[in-house]
Colleague: 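The following block contains the structure, expressed as structure tokens.
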Number of protein chains: 2
Amino acid sequence: MPHDSSQPGAKSRTLHLPASPMAGKLDVHIAFLPEDKAILDALQIRKRVFIKGSDITHEGQSPQSAYILRAGWACSYKLMRNGTRQVISFYVPGDLIGIRRLLLSSADDNLCAVTRVEVGEINVEDLIEAFDGNGRLAMSILWSTLKDEAILVQHLVDVGRRRPIDRVAHFFLELGSRLALLGLGTRCTYQCPLTQSLIADALGLTAVHFNRVLRQLRELKVMTFHEGWVRLLDCQRLERLADFDSSYLQ
Amino acid sequence: MPHDSSQPGAKSRTLHLPASPMAGKLDVHIAFLPEDKAILDALQIRKRVFIKGSDITHEGQSPQSAYILRAGWACSYKLMRNGTRQVISFYVPGDLIGIRRLLLSSADDNLCAVTRVEVGEINVEDLIEAFDGNGRLAMSILWSTLKDEAILVQHLVDVGRRRPIDRVAHFFLELGSRLALLGLGTRCTYQCPLTQSLIADALGLTAVHFNRVLRQLRELKVMTFHEGWVRLLDCQRLERLADFDSSYLQ
DNA sequence: CGAGCCCTTGAACGCCGTCAAACTCAGTGG
DNA sequence: CCACTGAGTTTGACGGCGTTCAAGGGCTCG
């Protein structure tokens with residue numbers, strides 16, 4: 001991304017994290033004016049850290065905030081009364097999380113840190129205030145939300161209408177593309193700290209069956225997932241299986 | 001910008017449809033200033049009508065527009081290569097549709113008129129322009145988008161982790177709540193023009209099995225769906241089945 | 001009246017969930 | 001140093017549920 005360096009204090013409480021991944025993502029679609037970047041950084045009040053496995057909630061001193069994920073992986077999920085779990089989304093660095101909970105205040109899904117996680121906290125009132133003078137910022141946030149929605153749509157299609165093997169293929173292709181866009185690995189080889197049962201709960205499968213599907217894919221020699229490493233050996237065949245087209249990821 | 005103006009209006013291109021359902025929905029969350037309402041109405045350039053079964057696309061004179069559904073039902077869906085179909089969302093009057101396609105320009109899902117449909121067309125560039133001076137409008141659109149996302153999340157949970165019978169129960173409860181909010185029927189009795197196979201394609205079931213589930217529900221005397229009428233006979237039991245909580249619909 | 005769509009029901013197969021057991025590995029504490 | 005624990009992964013056996021295939025019903029519309 002062209003523009004950056006440690007922008008000299010736009011507002012008094014700017015955190016000055018070098019190269020905000022979020023700003024980078026927004027850049028892809030809408031060319032930010034320098035002052036928009038400053039605003040976006042200014043919104044990040046303070047850094048918070050969550051340990052692996054902990055819930056990311058809006059408790060403590062900041063009942064009203066969203067987060068930008070700066071490092072680590074997170075996910076949102078819903079617990080069902082019968083004890084099962086549906087994972088809604090996985091989040092990787094640069095993702096904006098918690099906006100829905102925040103503005104709708106009717107969230108029944110939970111946020112959870114999959115690994116140790118660092119986030120930048122954003123205060124709602126600041127965000128709304130910033131919206132008012134800055135249609136471009138509003139547009140960027142809207143755009144980011146719509147992109148999340150596009151991923152959600154693909155996720156729904158996955159769970160609703162793809163065979164388990166195609167579903168798994170699609171999942172790992174999407175993840176690879178997302179990570180590659182961030183420079184965290186390549187489309188075909190990347191680290192993935194998610195457990196099999198977590199992914200299974202995202203894909204509407206049991207952990208047992210997900211494991212069997214992984215074995216199929218391994219035996220077909222198209223991909224492996226072992227000890228936190230994903231290796232897509234035959235991307236073309238995978239993409240044919242999954243009917244995958246990365247354009248929705250930009 | 002070719003603005004159609006078969007309509008006289010306060011501002012040159014204001015449509016002045018009495019009581020825009022969309023404005024009504026937005027009202028629920030954010031108190032509009034009078035001028036915001038005017039802006040929202042001004043955005044609706046012209047009315048378009050689509051016949052039952054036709055695709056709602058961005059062709060012809062307006063490659064760049066979203067729609068507000070004013071009358072009738074619509075849906076978005078994705079066709080799979082193997083010939084199956086996943087319905088993503090059903091839309092009822094008041095819903096804002098086509099925003100994702102518009103801003104992301106990478107949509108691989110289609111919009112379709114389930115019944116005869118009347119829409120108000122919104123030009124993107126006008127929308128973006130309106131955003132700039134008006135954070136409140138931007139906030140409203142964002143909020144509307146997030147509410148759609150919340151419905152999508154519930155849909156995902158439905159398909160991923162509920163038994164077919166609970167899934168169907170949840171679907172009809174949600175639909176009833178949405179329609180009741182609009183004054184189109186009550187939560188427990190309403191008209192529904194969707195076909196069984198369309199709903200089945202939304203819920204990740206085959207039409208055959210969906211029909212069997214309907215029979216189960218009928219035999220349990222909790223609900224019926226016949227000749228376009230939905231009757232929820234035992235709402236409490238249905239809500240227990242589906243683990244339904246309408247708070248995400250507002 | 002025939003064509004086509006939608007709904008309904010039956011029969012049979014097979015996929016995928018459930019249950020169960022065993023293995024690895026990391027962490028903990030005796 | 002080793003036993004113990006618990007989480008994660010892997011594999012097998014089995015049964016039920018939902019798909020597929022098929023046929024027949026009612027309905028509207030040309």
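Letters A, B, ... mirror the listed sequences (proteins, then strands); counts begin at 1.
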Colleague: Name all residues meeting the side chain to side chain contact (heavy atoms under 4.5 Å, CB included) criterion together with A/Leu184; count only those two or more places apart in sequence or in a different chain, and write none if there are none.
Modeller: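 Here the qualifying residues are A/Pro93, A/Leu179, A/Leu182.
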Colleague: Is B/Arg215 near enough to C/dT9 that one of its side-chain N or O atoms lies under 4.0 angstrom from OP1 or OP2?
Modeller: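 Yes.
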Colleague: Return the set of residues passing side chain to side chain donor-acceptor pair (under 3.5 Å) with A/Asp108 (not counting sequence neighbours), or none when no residue passes.
Modeller: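 With sequence neighbours excluded, A/Asp108 shows a side chain to side chain donor-acceptor pair (under 3.5 Å) to A/Lys78, B/Gln154, given in chain and number order.
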Colleague: To the nearest angstrom, how far is B/Ile165 atom CD1 from D/dG16 atom P?
Modeller: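 One finds 18 Å between P of D/dG16 and CD1 of B/Ile165, rounded.
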Colleague: Among residues at least two apart in sequence or on other chains, which ones pass side chain to side chain donor-acceptor pair (under 3.5 Å) with A/Gln196?
Modeller: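 Residues passing side chain to side chain donor-acceptor pair (under 3.5 Å) with A/Gln196: A/Asn211.
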Colleague: Among residues at least two apart in sequence or on other chains, which ones pass side chain to side chain contact (heavy atoms under 4.5 Å, CB included) with A/Arg161?
Modeller: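 Only B/Met80, B/Thr84, B/Gln86, B/Asp201 meet the side chain to side chain contact (heavy atoms under 4.5 Å, CB included) criterion with A/Arg161.
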Colleague: Under 4.0 Å, heavy atom to any atom of DNA chain C: which of residues 222-234 of chain B qualify?
Modeller: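 Of all residues in residues 222-234 of chain B, none places a heavy atom under 4.0 Å from DNA chain C.
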Colleague: Is a side-chain N or O of A/Thr186 found less than 3.5 angstrom from the main chain of A/Thr189, in a donor-acceptor match?
Modeller: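 Checked: pair present.
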Colleague: Tabulated below should be each protein N or O lying under 3.5 Å from an N or O of nucleotides 2-6 of chain C; please produce it.
Modeller:
none

Colleague: Starting at CG of A/Leu198 and ending at C1' of D/dT9, how long is that distance when rounded to a whole Å?
Modeller: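 Atom-to-atom, A/Leu198 to D/dT9, this comes out as 15 Å.
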Colleague: Round to the nearest Å and state the distance from A/Asn82 atom CG to C/dT18 atom C1'.
Modeller: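 Atom-to-atom, A/Asn82 to C/dT18, this comes out as 14 Å.
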Colleague: What bend angle does the helix from C/dC1-D/dG30 to C/dG30-D/dC1 show across its length, from five-pair end axes and to the nearest 10 degrees?
Modeller: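 Answer rounded to 10°: the end axes differ by 30°.
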Colleague: Mind checking side chain to side chain contact (heavy atoms under 4.5 Å, CB included) for B/Ser76 and listing every partner two or more places apart, or none if nothing turns up?
Modeller: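 Side chain to side chain contact (heavy atoms under 4.5 Å, CB included) check on B/Ser76 returns B/Ile88, B/Ser89, B/Tyr91, B/Asp109, B/Leu111.
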Colleague: Using whole Å, report how far CG of B/Asp166 lies from C1' of D/dC17.
Modeller: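 The answer, rounded to whole Å, is 14 Å.
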Colleague: If you measure from the Lys or Arg side-chain nitrogens to the Asp or Glu carboxylate oxygens, is any gap between B/Glu239 and B/Arg187 under 4.0 Å?
Modeller: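 Judged by the 4.0 Å cut-off on N to carboxylate O distance, B/Glu239 and B/Arg187 do form a salt bridge.
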Colleague: Would A/Phe90 and A/Phe171 count as a close aromatic pair, with their ring centres under 6.0 Å?
Modeller: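 Judged by ring-centre distance (under 6.0 Å), A/Phe90 and A/Phe171 do meet the cut-off.
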Colleague: Ion pair present between B/Asp95 and B/Arg178, side-chain N to carboxylate O less than 4.0 angstrom?
Modeller: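 B/Arg178 and B/Asp95: salt-bridged.
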Colleague: Round to a whole Å and report the spacing from CG of A/Leu203 to P of C/dC16.
Modeller: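 Going from CG in A/Leu203 over to P in C/dC16 covers 13 Å.
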Colleague: Which parts of nucleotides 18-26 of chain D does protein reach within less than 4.0 Å, heavy atoms only, written one letter per nucleotide 5' to 3' as B for base, S for sugar-phosphate only and - for none?
Modeller: SBBB-----
Colleague: Taking only residues two or more places apart in sequence or in another chain, which ones pass side chain to side chain contact (heavy atoms under 4.5 Å, CB included) with B/Asp166?
Modeller: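 Testing B/Asp166 for side chain to side chain contact (heavy atoms under 4.5 Å, CB included), a comparison that skips the adjacent residues, returns B/Arg162, B/Arg163, B/Leu241.
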Colleague: For B/Ser65 and B/Glu121, which heavy atoms make the closest approach, and how far apart are they?
Modeller: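 Smallest heavy-atom distance, with atoms named: OG-OE2, 3.1 Å.
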Colleague: Roughly how many Å is it from CZ in A/Arg167 to C1' in C/dC16, rounded to a whole number?
Modeller: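 Interatomic distance, CZ of A/Arg167 to C1' of C/dC16: 10 Å.
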Colleague: Can you list the residues that meet the side chain to side chain donor-acceptor pair (under 3.5 Å) rule with B/Arg237, with sequence neighbours excluded?
Modeller: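 In terms of side chain to side chain donor-acceptor pair (under 3.5 Å), with neighbours along the sequence ignored, B/Arg237 is linked to no residue.
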Colleague: Please list, chain by chain and in numerical order, all residues satisfying side chain to side chain donor-acceptor pair (under 3.5 Å) with A/Arg116, sequence neighbours excluded.
Modeller: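 Here the qualifying residues are A/Glu118.
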Colleague: Answer yes or no: does a side-chain N or O of B/Asn211 lie under 4.0 Å from OP1 or OP2 of C/dC7?
Modeller: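 Answer is no, no contact under 4.0 Å.
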